[in-house]
Chemist: 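What follows is a structure written as structure tokens; I'll ask about it next.
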Amino acid sequence: FPNIPEPDRVVITRWGKEPNVLGTYSHPTVGRDFWYDSYALGNPVGRIVFAGEATARSWHATTVGAWSTGQLAASQMKQYLTADLVVKRSSLP
């Protein structure tokens, strides 16, 4: 990708030191329907798409869950972007 510039900055997170999460991951909780919550977390809101192990229902708390939901989110974003191109092209005179 010779035309892609170098990043302006890099942000490295240290999940194990982050005071709000301390390296945590999703897990079922007494009194909650984990499968429903996971499904709800994974639903797009408008054109905002969510991914991560917490949205992976069967693969929660795993790298596989994070990876697979990331792939799904990328596919959904591609559909959104392609739809924009189709709309823009069809609106041309």
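What you see below is based on every heavy atom in this structure, not just the backbone, and it leaves out hydrogens, waters and symmetry mates.
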Chemist: Looking at CE of M77 and OG1 of T82, how far apart are the two atoms once the value is rounded to the nearest 0.5 Å?
Modeler: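 The CE atom of M77 sits 10.5 Å away from the OG1 atom of T82.
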Chemist: Considering non-hydrogen atoms only, spot the tightest contact between A51 and T69 and give its length.
Modeler: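 Between these two residues, the closest heavy atoms are CB-O, 3.5 Å.
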Chemist: Out of curiosity, F34 CZ to L41 CG, how far, rounded to the nearest 0.5 Å?
Modeler: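 Reported value, rounded in 0.5 Å steps: 8.5 Å.
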Chemist: What are the two closest non-hydrogen atoms of A56 and S38, and how far apart are they?
Modeler: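 A56 and S38 have their closest heavy atoms at N-OG, 3.6 Å.
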Chemist: Of the non-hydrogen atoms in F50 and V45, which two are nearest, and what is the gap between them?
Modeler: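 Smallest interatomic distance, heavy atoms only, reads CE1-CG2, 3.7 Å.
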Chemist: Looking at residues at least two apart in the chain, or sitting in another chain, which of them share a side-chain contact (heavy atoms from CB on, under 4.5 Å) with S58?
Modeler: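 Listed in chain order: nothing, the list is empty.
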Chemist: So which heavy atom on S26 is nearest to which on A61, and how close?
Modeler: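 It is O-CB, 3.6 Å.
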Chemist: For G65 and S68, which heavy atoms make the closest approach, and how far apart are they?
Modeler: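 Closest heavy-atom pair between G65 and S68: O-OG, 3.3 Å.
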Chemist: With sequence neighbours excluded, tell me which residues meet side-chain contact (heavy atoms from CB on, under 4.5 Å) with W35.
Modeler: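 W35 satisfies side-chain contact (heavy atoms from CB on, under 4.5 Å) with D33, R57, H60 only.
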Chemist: If you round to the nearest 0.5 Å, how far is OG1 of T55 from CD of E53?
Modeler: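 If we round to the nearest 0.5 Å, E53:CD and T55:OG1 are 8.0 Å apart.
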